[in-house]
Amino acid sequence: MEIPTAGKLFLGGSLGACGGAVGLVRLGTAPLLVFRDVFAVRAGGSLPESLQYCGALALFSLLFGAASLVALTGLIQLARMATFSSLALILLIAAGAASAAGGGGLWLGASRQLASFRVAAPSEAGPKPHEVATAAEYALAPARVGFAGLLASSALLLVLSCGSLKGSPNGARPRVAVGVVGRFSAASVTGFALVLAATWFPMHKLTTALTSGGTVKPDEIALSISRTLQLSVLAAALLLMHGVLLIGFGILVRRVPGPTK
């Protein structure tokens with residue numbers, strides 16, 4: 001693959017990832033709000049946004065994952081053929097740090113909400129609406145920071161993709177570890193997107209149950225909420241892994257020997 005082709009993949013994928021990240025900033029916290037919003041559902045009333053837009057969340061997540069995979073494929077190829085300036089390496093490592101921070105924030109928020117649900121679910125009296133709302137706000141604070149980190153990472157990669165990378169045909173071949181770490185990073189961010197998109201299934205099942213007009217079993221609602229939150233925790237862990245691996249990728253690229261004279 002030539003540098004122009006790899007550069008186009010990197011640029012096009014980065015643009016798509018930014019678009020997906022913007023959508024996730026808007027809708028990504030929906031899975032964390034399901035536990036709270038179930039209490040807001042009234043017979044004949046409209047569903048809360050967290051359940052209305054679960055399909056849009058899945059689409060934005062898939063867009064982000066597919067575009068990120070394309071972008072990282074181009075970036076891995078560029079690491080084999082191009083010379084990264086000091087600024088480019090700083091941007092790359094900073095993007096990894098932003099993703100890691102984003103994954104950490106999302107994991108903390110999802111874990112808090114899951115812990116609150118596990119405490120409230122077995123209660124015979126049932127959770128009180130104001131307690132559920134307080135728990136949701138407690139979880140949303142780090143989650144919002146997490147999605148901001150995700151967007152920042154995508155923006156940094158977009159800035160990097162707009163820069164000019166010079167070819168180094170006489171340079172030493174990069175270490176095998178560069179490609180390996182890059183591929184694992186691409187796999188983890190794709191996994192993040194797929195798992196986050198998979199929250200659509202329990203959320204859609206919950207929506208169907210609440211709008212069917214029939215008797216809704218509390219156990220079914222609890223199971224859907226639990227699965228939604230568990231998937232959110234797993235997705236956050238994969239994003240955190242992606243960020244750490246992207247930092248490692250940047251460090252390894254920095255240590256690749258320069259062109260020979």
Answer yes or no: is there a side-chain heavy-atom contact under 4.5 Å between Val70 and Phe10? no

Would you say Leu196 and Leu24 make side-chain contact, with heavy atoms under 4.5 Å? yes

Does a donor on one side chain sit under 3.5 Å from an acceptor on the other, for Thr73 and Gln77? no

Just verifying a value: how many Å separate Leu234 CG and Leu239 CG, rounded to the nearest 0.5 Å? 11.5 Å

Listed by chain and number, what are the side-chain hydrogen bond (donor to acceptor under 3.5 Å, both in side chains) partners of Thr199, not counting sequence neighbours? none

Taking only residues two or more places apart in sequence, or in another chain, which ones meet Leu89 in a side-chain contact (heavy atoms from CB on, under 4.5 Å)? Phe84, Val253, Arg254

For Leu206 and Ser224, the nearest pair of non-hydrogen atoms, with its separation, is CB-CB, 4.0 Å

Quick one: side chain to side chain donor-acceptor pair (under 3.5 Å) pairs with a partner in residues 232-252, sequence neighbours left out? Ser185-His242

Nearest 0.5 angstrom please: Leu91 CG to Ser85 OG, how far? 7.5 Å

By side-chain hydrogen bond (donor to acceptor under 3.5 Å, both in side chains) - contacts of Thr134 (at least two apart): none

With side chains defined as the heavy atoms from C-beta onward, is the minimum distance between Leu92 and Leu157 less than 4.5 Å? yes

With ILVMFWY side chains joined below 4.5 Å, transitively, what does Leu62's cluster contain besides itself? Leu194

Connected-component partners of Leu223 among ILVMFWY, side-chain separation under 4.5 Å: none

Rounded distance (nearest 0.5 Å) linking atom CG of Leu238 with atom CE of Met241: 5.5 Å

Indicate yes or no: at least one non-hydrogen side-chain atom of Phe64 is less than 4.5 angstrom from one of Phe192. yes

What heavy-atom pair brings Ala88 and Leu160 nearest, and what distance separates the two atoms? CB-CD1, 3.4 Å

Shortest non-hydrogen pair, Pro31 vs Leu229, comes out as O-CD2, 3.6 Å

In Å, rounded to the nearest 0.5 Å, how long is the span from CG of Leu78 to CG of Leu72? 11.0 Å

Starting from the C-alpha separation in whole Å, work towards a yes-or-no answer on side-chain hydrogen bond (donor to acceptor under 3.5 Å, both in side chains) for Ser226 and Gln230. CA-CA 6 Å; Ser226 177; Gln230 287 171 356; 3.3 Å; yes

Val34 and Cys54, any side-chain heavy atoms less than 4.5 Å apart: no

Beyond-backbone contact of Thr228 with Phe35, side-chain heavy atoms, under 4.5 angstrom: no

Leu69 and Val178: same hydrophobic cluster, using ILVMFWY side-chain contacts below 4.5 Å? no

Backbone of Leu32 reached by a side-chain donor or acceptor of Thr29 within 3.5 Å: no

Working note: Glu220 + Lys205, criterion side-chain contact (heavy atoms from CB on, under 4.5 Å); need CA distance, chi angles, decisive distance, verdict. CA-CA 9 Å; Glu220 293 180 356; Lys205 184 176 181 180; 5.8 Å; no

Partner residues of Arg183 under the salt bridge (charged side-chain N to carboxylate O under 4.0 Å, His left out) criterion, sequence neighbours left out: none

For Trp200, enumerate each residue passing the ring pair (Phe, Tyr, Trp, His ring centres under 6.0 Å) test, keeping only those at least two apart in sequence or located in another chain. His204

By the side chain to side chain donor-acceptor pair (under 3.5 Å) test, which pairs, at least two apart or in different chains, include something from residues 86-106? Ser99-Ser153

Restricting to non-hydrogen atoms, name the atom on Leu57 and the atom on Ala30 that form the minimum distance, rounded to 0.1 Å. CD2-CB, 4.4 Å

Answer yes or no: is there a side-chain heavy-atom contact under 4.5 Å between Cys162 and Leu11? yes

Return each pair, listed once, that meets side chain to side chain donor-acceptor pair (under 3.5 Å) where at least one residue sits in residues 50-69; pairs must be two or more places apart or across chains. Asp37-Ser50

side-chain contact (heavy atoms from CB on, under 4.5 Å) against Leu59, all qualifying residues, sequence neighbours excluded: none

Identify, with sequence neighbours excluded, every residue that meets side-chain hydrogen bond (donor to acceptor under 3.5 Å, both in side chains) alongside Ser154. none

Within the 4.5 Å heavy-atom criterion, are Leu245 and Ser188 side-chain neighbours or not? yes

Would you check if the side chain of Arg112 reaches a backbone N or O of Tyr138 as a donor-acceptor pair within less than 3.5 Å? yes

List the atom of Ala71, the atom of Gly13, and the distance in Å for their closest heavy-atom pair. CB-C, 3.6 Å

Hydrophobic cluster identity match, Leu156 and Leu150, side-chain contacts under 4.5 Å: yes

